[in-house]
Amino acid sequence: METSTKGILRQSLVIAAAVFMLIAAAIGAGAFGGTSVDELQNGALSAQGSYLAPAGPAFSIWSLIYLGLLAYTAWQALPARRQDPRQEAVGGWIALSMVLNGLWLVTARYLTLWLTVLVIALLLAVLARVIVLLGRFPARSAVDRVLTDGANGLHFGWVTIATVANTAAWLTQTVPESAEQQAEVWAIAVLAVVLLIGAASAWFTGRLAPALATAWGLAWLAVGRLTGEPQSTPTAIAAIVVAAVLVLVGVVAVVRRRRTTPPTLAPQSTSR
């Protein structure tokens with residue numbers, strides 16, 4: 001009975017977090033009036049906010065991420081998932097990620113730019129924890145793999161590049177104008193770090209979704225630097241190369257995982 005009650009509380013927590021995330025997303029998008037996200041913070045969060053800001057269409061991925069997270073929320077609320085060891089391990093962390101997701105939008109609208117950097121960095125750390133835990137508790141069905149791993153993998157992959165863009169926007173607003181002379185060098189250096197993080201995530205988890213989401217953001221980052229302001233061909237080329245390598249590493253990692261995973265998984269442990 002105690003275990004069942006704990007499961008119900010976890011499921012309810014995830015549902016509440018999803019509702020908060022949706023309300024915050026609607027507020028952030030200006031659905032209830034006011035400016036949209038790209039106009040907040042004096043335009044710092046727009047596609048022209050920094051050398052590492054993706055072009056506007058990149059943000060359409062949020063629709064897919066929200067859809068995936070909502071589908072996951074409904075699925076994890078089923079009675080059969082109440083005592084699922086995998087959901088016991090990750091449910092609370094996923095709920096926290098959705099709360100931080102919504103909190104970022106609230107912070108962007110009502111607070112300061114540096115606080116958005118703090119919130120999105122915390123969100124990235126929480127999602128990294130989710131990805132690690134999902135690796136320890138392998139999915140036992142295709143539905144679980146798509147809804148849990150897929151939705152949260154996309155969330156993690158996109159937030160990786162979003163954290164970079166958010167931090168770059170803050171630095172662009174705070175560092176002296178003379179530092180712009182080295183902006184391209186720093187942008188390419190940061191993209192190299194993104195490559196290391198994304199490749200390591202794909203290789204050690206055997207998941208393609210994070211790499212695809214990051215590559216999507218990088219592709220639109222390249223579009224932004226080639227067709228918008230600030231223009232930077234070197235940054236665009238670096239972004240395209242990183243995106244291509246990430247997808248390649250992700251595909252190889254998935255093939256490697258499938259070849260090394262036994263046809264029948266052993267029962268999952270409830271240990272942490």
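Bear in mind that the values here come from a model prediction, so they are computed numbers and not experimental data. Residue indices begin at 1 and follow the sequence shown.
To the nearest 0.5 angstrom, L123 atom CG is 10.0 Å from F156 atom CZ. For the atom pair CH2 of W93 and CG of L134, the computed distance is 12.5 Å after rounding to the nearest 0.5 Å. Going from atom OG of S50 over to atom CG of L171 covers 9.0 Å, rounded to the nearest 0.5 Å. Put simply, OG1 on T5 and CZ on R82 are 9.0 Å apart, with the number rounded to the nearest 0.5 Å. Taken to the nearest 0.5 Å, the OG1 atom of T167 stands 7.5 Å off from the CD1 atom of I120.
Two residues are said to be in side-chain contact when any heavy atoms from C-beta on lie closer than 4.5 Å; W104 and T116 meet this criterion. In this structure, L218 and I240 have side chains that are not in contact, with every pair of non-hydrogen atoms separated by 4.5 Å or more. Within the 4.5 Å cutoff, side-chain heavy atoms of I237 are placed close to those of T233. Residues L9 and K6 form no side-chain contact, since every pair of their non-hydrogen atoms from C-beta on lies 4.5 Å or further apart. Side-chain contact between L113 and N166 is present, with heavy atoms from C-beta onward closer than 4.5 Å. Proximity of L118 to L115: side-chain heavy atoms (C-beta onward) are separated by under 4.5 Å at one or more points. Taking the side chain as every heavy atom from C-beta outward, L67 and L70 never approach each other to under 4.5 Å. Proximity of L195 to L191: side-chain heavy atoms (C-beta onward) are nowhere separated by under 4.5 Å.
Annotation for M21 and M98: closest pair CB-O, 3.6 Å, computed over non-hydrogen atoms. Nearest heavy atoms, A24 versus V106: CB-CG2, 4.2 Å. Scanning both residues, A17 and A95, for their nearest heavy atoms gives CB-O, 3.3 Å. The nearest pair of heavy atoms linking V247 to L208 is O-CD1, 4.1 Å. In terms of heavy-atom proximity, V223 sits nearest to A55 at CG1-CB, 4.3 Å. Among all heavy-atom pairs drawn from A202 and A211, the shortest one is CB-CB, 4.5 Å.
At distances below 3.5 Å, not a single donor-acceptor pair connects side-chain atoms of S201 with backbone N or O atoms of G198. At least one donor-acceptor pair closer than 3.5 Å links the side chain of T172 to the backbone N or O of A168. Between the N152 side chain and the T148 main chain, a donor and an acceptor come within less than 3.5 Å of each other. Under a 3.5 Å cut-off, the side chain of S60 and the backbone N or O of P57 do form a donor-acceptor pair.
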Exercise. Would F59 and W216 satisfy ring pair (Phe, Tyr, Trp, His ring centres under 6.0 Å), going step by step from the backbone distance to the final call?
Worked result: CA-CA 10 Å; F59 298 92; W216 168 266; over 10 Å; no

Donor-acceptor contacts under 3.5 Å from residues 71-80 side chains, at least two apart:
from: Y72; atom 1: OH; to: Q87; atom 2: OE1; distance (Å): 2.6
from: T73; atom 1: OG1; to: L69; atom 2: O; distance (Å): 2.8
from: Q76; atom 1: NE2; to: Q11; atom 2: O; distance (Å): 3.3
from: Q76; atom 1: NE2; to: T73; atom 2: O; distance (Å): 3.1

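Residue pairs meeting the salt bridge (charged side-chain N to carboxylate O under 4.0 Å, His left out) criterion with at least one member in residues 186-210, sequence neighbours excluded: D149-R207.
Taking S232 as the reference, Y51, E184, R225, P234, T235 meet the side chain to side chain contact (heavy atoms under 4.5 Å, CB included) condition, with sequence neighbours excluded. Legend: residues meeting ring-ring contact (aromatic ring centres under 6.0 Å, His included) with Y66, ordered by chain and number and at least two apart, are W62. Under the rule for a side chain to side chain contact (heavy atoms under 4.5 Å, CB included), V146 has no partner lying at least two apart in sequence or in another chain. With sequence neighbours excluded, the residues that form a side-chain hydrogen bond (donor to acceptor under 3.5 Å, both in side chains) with W114 are T112.
Remark: R257 fails to qualify as a cation-pi partner of W203 under the 6.0 Å distance and 45° angle criteria applied to the six-membered ring.
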